[in-house]
Visitor: 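My questions will all concern the structure given below.
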Amino acid sequence: PTVMKDVLLELPKVKWTEIGGLEDVRQLLYTVTVRPFKFPDLANKFGGTQSRKGVLLYGPPGCAKTLIAQAVATESNLNFLAVKGSELIKMYVGESERAIRDVFRKARAAKPCIIFFDEIDSIGKSRDKSQDSGLNVVTTLLNEMDGIETLKDVLIIGATNKPDILDSALIRPGRFDARQYVGLPNLEARRQIFHIHTKRMPLSTDVDLGDLAARTEGSSGAEIKDLCAIAVDASMTEFESDPTKPPEVKMSHFEYALSTHVPQTSREEA
Ligand code: ATP
């Protein structure tokens, strides 16, 4: 029963239009996840049972891996079970394994269903590198993935910032057989992300989203979202001190936000 609180059963309403960039990722996920659910007979017409059980999304933090998984669930009309790998790691012997089995049990009960394993590296660490307890955890995960009969019922989306530490057995056919890199947004994607996170704001006409995008190379989507929040805070502070002026988010507020901001990549290289 304790594991239940780690496991969230929900129907997120994230649409692809709320995600900037990542067209290639969207296409791959449509092909391997949404389409088989939408058109279950199509694979037969094309001569095979081309079914995949799992998709691994990997790449730097804050680049929409969670959003993507939620958009897939929304588009395919599946239930969605979100779990953080680190939350399944328990203190006592056998508890982590039980927690993993419980997730799969819950998914089978809620099928058709997507299991989203964030931080999958915490339960899928290479057996060479793990302690004895880690070994059992990976083995349990592999066994449970093998136990899923068809893609029609349960699909697993894993996410990690550290794909290199995953056990190689996890990325064999029948497990995470599709893999997709989710990287930092390019210029056009950053412009879209700024647009997505400012579209409900009272933006002043002097705000140039293209300029902001050009000045945030190396930033993740999560960082761009933070910048927008800082700009709004600055604008509210100004409004509070002079409520006779119109409530507006101006370029000067974004300038302030940029001055406080160090992009993800330059931190990593430092
Ligand atoms: P982590 O690896 O840290 O778990 P993640 O890759 O799963 O991160 P999300 O949690 O999906 O990233 O992203 C964090 C937030 O950043 C999102 O909820 C969203 O608001 C914003 N964001 C990130 N990327 C994008 C994007 N491409 N378009 C719109 N918003 C984005």
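Just follow the structure's listing: the first ligand is 1, and inside any ligand the first atom is 1. One is the number of the first residue; the rest follow in order along the sequence. Atom set for the values below is all heavy atoms of this structure, side chains included, hydrogens, waters and symmetry mates excluded.
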Visitor: Should C63 be counted as touching ligand 1, given the test is an N or O pair under 3.5 Å?
Guide: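 In this structure, C63 places an N or O atom under 3.5 Å from an N or O of ligand 1.
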Visitor: Do you know which two heavy atoms are closest between V14 and L67, and how far apart they sit?
Guide: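 Taking V14 first and L67 second, the nearest heavy atoms are CG1-O, 3.8 Å.
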Visitor: Quick test of your reading of the structure: of A69, P61, G221, G20, whose heavy atom lies closest to atom 27 (N) of ligand 1?
Guide: G20
Visitor: Would you please determine whether Q192 falls within less than 4.0 Å of ligand 1 on a heavy-atom basis?
Guide: no
Visitor: Got the closest protein heavy atom to atom 20 (O) of ligand 1, with its distance?
Guide: K225 CD, 3.1 Å
Visitor: Please work out whether the ring planes of F194 and F254 are parallel, tilted or perpendicular, with thresholds of 30° and 60°.
Guide: perpendicular
Visitor: Which is closest to atom 17 (C) of ligand 1 in terms of heavy atoms, N161, L67, V14?
Guide: L67
Visitor: At what distance is the nearest protein heavy atom to atom 4 (O) of ligand 1, and which residue and atom is it?
Guide: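 For this ligand atom, the closest protein heavy atom is D118 OD2, 3.5 Å.
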Visitor: Could you list which atoms of ligand 1 come closer than 4.0 Å to a heavy atom of E18?
Guide: 28 (N), 29 (C)
Visitor: Could you check R175, R105, R108 and say which one makes a salt bridge (charged side-chain N to carboxylate O under 4.0 Å, His left out) with E144?
Guide: R108
Visitor: Can you figure out which of A71, C228, P185, A64 has its heavy atom closest to atom 12 (O) of ligand 1?
Guide: A64
Visitor: Among all protein heavy atoms in this structure, tell me which lies nearest to atom 16 (O) of ligand 1, with the distance rounded to 0.1 Å.
Guide: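 Residue, atom and distance for the closest contact: A222 CA, 3.2 Å.
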Visitor: Does any non-hydrogen side-chain atom of V207 lie less than 4.5 Å from one of L212?
Guide: yes
Visitor: Can you measure from NE2 (H195) to CG (L203) and round to the nearest 0.5 angstrom?
Guide: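 If I round to the nearest 0.5 Å, the distance is 9.5 Å.
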Visitor: Could you find the nearest protein heavy atom to atom 10 (O) of ligand 1 and give me its residue, atom name and distance?
Guide: T66 OG1, 3.6 Å
Visitor: Can you name the closest pair of heavy atoms from S76 and I114 and give their distance?
Guide: OG-CD1, 4.3 Å
Visitor: Show me which atoms of ligand 1 lie under 4.0 Å from any heavy atom of I19.
Guide: 27 (N), 28 (N)
Visitor: Got L209 and T198 here, is their nearest side-chain heavy-atom distance under 4.5 Å?
Guide: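 Of all side-chain heavy-atom pairs linking T198 with L209, at least one is under 4.5 Å.
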Visitor: Pick whichever of H197, H195, E119 has a heavy atom sitting closest to atom 30 (N) of ligand 1.
Guide: H197
Visitor: Would you say the side-chain atoms of E238 and H253 include a donor-acceptor pair closer than 3.5 Å?
Guide: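 A pair is found: one side chain offers a donor N or O, the other an acceptor, under 3.5 Å apart.
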Visitor: Given 3.5 Å as the limit, does a donor-acceptor pair link the side chain of S235 with the main chain of A231, or not?
Guide: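 Checking the backbone N and O of A231 against the side chain of S235, no donor-acceptor pair under 3.5 Å is found.
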Visitor: For ligand 1, is there an atom lying under 4.0 Å from some heavy atom of G62?
Guide: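 Within the 4.0 Å threshold, so yes.
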Visitor: Below a 4.0 angstrom heavy-atom separation, can you tell me which part of K65, side chain or backbone, both or neither, approaches ligand 1?
Guide: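 Contact part for K65 vs ligand 1: both backbone and side chain.
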